[in-house]
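We're numbering straight along the sequence, starting at 1.
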Amino acid sequence: MTVDLVVLTVRGDELCALLVRRGEAPYPGEWALPGGFVLADESLDAAAARELVEETGVAGLHLEQLGTYGEPGRDPRMRVVSVAYLALAPDLPVPVAGTDAAAASWEPVSSVSSLAFDHGRILADGVERARAKLEYTGLGAEFCGTEFTVAELRRVYEIVWGSPLDPRNFHRKVTGVEGFLVPTGESTSRDGGRPAALYRRGAARVLHPPLARAAGPSAG
């Protein structure tokens with residue numbers, strides 16, 4: 001039994017995944033998701049948190065189970081079933097390669113062409129789950145500052161969803177969701193052009209109605 005980790009953030013105006021370059025067989029030198037074998041005396045959640053620290057130095061993330069992957073032949077060493085975890089969070093640090101990885105790096109999802117094992121499929125599933133989370137939770141606002149404009153929030157959604165959004169339609173939708181955005185009464189011109197109203201994140205954690213999106217490109 002192993003755990004694999006899909007850790008996503010927004011860096012440099014792109015949706016990026018945390019990848020490690022494998023330092024040992026199988027697939028030495030290839031990029032892969034962080035992860036490893038579950039120890040006999042630990043839970044799956046504990047194994048996921050431990051592997052993340054050991055391979056990348058990133059700690060303290062909220063990890064949620066993404067899915068279970070157990071196709072025969074997915075690991076050339078033996079029959080291995082993996083439980084994948086997902087984290088999507090802002091302001092994540094530059095990773096540091098640990099004991100099991102030759103390197104660790106944030107890589108734009110759009111540029112990931114191939115990964116070791118079946119990690120391309122797992123990454124694609126993780127990206128799709130992350131995109132869905134922005135439809136029905138207030139997570140997108142966490143990637144903005146304490147106070148932000150609707151245009152700044154829209155850019156987060158465009159980056160994660162991988163497609164441009166109509167500004168007027170997006171503004172109408174997000175300001176119409178009860179408890180999502182709270183007007184501050186202030187405005188700013190930092191986006192350029194006319195002054196734009198500033199908002200802060202409201203108390204709503206589940207968005208009703210959810211924000212619909214067009215299907216975006218897949219990853220991996």
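When each of Thr175, Leu153, Thr149, Val182 is tested with Tyr199 by the rule side chain to side chain contact (heavy atoms under 4.5 Å, CB included), just one qualifies, namely Thr175.
The backbone N or O of Pro108 sits less than 3.5 Å from a side-chain atom of Ser111, completing a donor-acceptor pair. A donor-acceptor contact shorter than 3.5 Å links the side chain of Glu55 to the backbone of Gly35. Looking at Asp166, its side chain does come within 3.5 Å of a backbone N or O of Asn169 through a donor-acceptor pair. Judged by distance alone, with hydrogens and angles left aside, the side-chain atoms of Thr9 form a donor-acceptor pair with the main-chain N or O of Ala89 at under 3.5 Å. Between the side chain of Arg205 and the main chain of Thr137, no donor-acceptor pair closer than 3.5 Å is present. Remark: the backbone N or O of Gly70 is paired with a side-chain donor or acceptor of Arg79 at under 3.5 angstrom. Proximity of a side-chain donor or acceptor of Arg131 to a complementary backbone N or O of Val160 within less than 3.5 Å is detected.
Under 3.5 Å, the side chains of Asp125 and Tyr69 contain a donor-acceptor pair of N or O atoms. Between the side chains of Glu186 and Thr184, no donor-acceptor pair of N or O atoms lies under 3.5 Å.
Within 6.0 Å of CZ in Arg168 there are 12 or fewer heavy atoms belonging to other residues, nucleotides or ligands. Annotation for Glu178: atom CD does not count as buried by contact number, only 12 or fewer foreign heavy atoms lying within 6.0 Å.
Side-chain contact check for Leu33 versus Phe117: every heavy-atom pair is 4.5 Å or farther apart. Side-chain contact between Leu8 and Leu86: present, with at least one pair of heavy atoms (C-beta onward) separated by less than 4.5 Å. Residues Tyr85 and Val83 meet the side-chain proximity criterion, which asks for heavy atoms closer than 4.5 Å. For the pair Glu158 and Pro164, the minimum side-chain heavy-atom distance is below 4.5 Å. Using a 4.5 Å heavy-atom threshold, the side chains of Ser105 and Trp31 count as touching. Side-chain atoms of Pro34 and Leu5, non-hydrogen and from C-beta on, do get closer than 4.5 Å to each other. The closest side-chain heavy-atom distance from Asp4 to His119 is below 4.5 Å. Contact of the Trp161 side chain with the Leu211 side chain is registered, since non-hydrogen atoms from C-beta on lie closer than 4.5 Å.
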Exercise. Does the pair Arg154 and Ile159 meet the rule for a side chain to side chain contact (heavy atoms under 4.5 Å, CB included), with working shown?
Worked result: CA-CA 9 Å; Arg154 187 182 76 248; Ile159 291 168; over 6 Å; no

For this session: Please report the C-alpha distance between Arg213 and Glu128 in whole Å, then the side-chain angles of each, then the deciding distance to 0.1 Å, and finally whether the salt bridge (charged side-chain N to carboxylate O under 4.0 Å, His left out) criterion is met.
Result: CA-CA 12 Å; Arg213 64 181 167 107; Glu128 177 55 33; 2.4 Å; yes

Problem set entry | Verdict with reasoning, Gln65 to Leu44, per side chain to side chain contact (heavy atoms under 4.5 Å, CB included) | CA-CA 9 Å; Gln65 285 195 14; Leu44 292 171; 4.1 Å; yes

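The pair Lys133-Glu64 meets the salt-bridge criterion, with a side-chain N (NZ, NE, NH1 or NH2) lying under 4.0 Å from an Asp/Glu carboxylate O. The existence of a salt bridge linking Arg155 and Glu152 is excluded, since no basic side-chain nitrogen approaches an acidic carboxylate oxygen closer than 4.0 Å. By the 4.0 Å N-to-carboxylate-O rule, Arg21 lies too far from Glu30 to be salt-bridged with it. Remark: Asp91 does not engage Arg11 in a salt bridge, criterion side-chain N to carboxylate O under 4.0 Å. Here Arg50 pairs with Glu54 in a salt bridge; the nearest charged N to carboxylate O distance falls below 4.0 Å.
In this structure, the separation between CG on Leu198 and SG on Cys144 is 11.0 Å, given to the nearest 0.5 Å.
Residues Trp106 and Pro93 approach most closely at NE1-O, 2.9 Å, considering heavy atoms. When all heavy atoms are compared, the tightest approach of Arg201 to Leu139 is NH2-N, 4.2 Å. The two residues Ala32 and Leu115 come nearest to each other via the heavy atoms N-CD2, 4.1 Å.
In the hydrophobic cluster analysis, where Ile, Leu, Val, Met, Phe, Trp and Tyr join through side-chain heavy atoms closer than 4.5 angstrom, Leu15 is grouped together with Val112. Each of Val7 and Leu66 belongs to its own hydrophobic cluster when Ile, Leu, Val, Met, Phe, Trp and Tyr are linked at side-chain heavy-atom distances under 4.5 angstrom. Each of Val109 and Leu61 belongs to its own hydrophobic cluster when Ile, Leu, Val, Met, Phe, Trp and Tyr are linked at side-chain heavy-atom distances under 4.5 angstrom. By the criterion of side-chain heavy atoms lying less than 4.5 angstrom apart, applied directly or through intervening Ile, Leu, Val, Met, Phe, Trp or Tyr residues, Leu52 is not grouped with Val20; the two fall into different hydrophobic clusters. Residues Val3 and Leu63 fall within the same hydrophobic cluster, defined by Ile, Leu, Val, Met, Phe, Trp and Tyr side chains chained together at heavy-atom separations under 4.5 Å.
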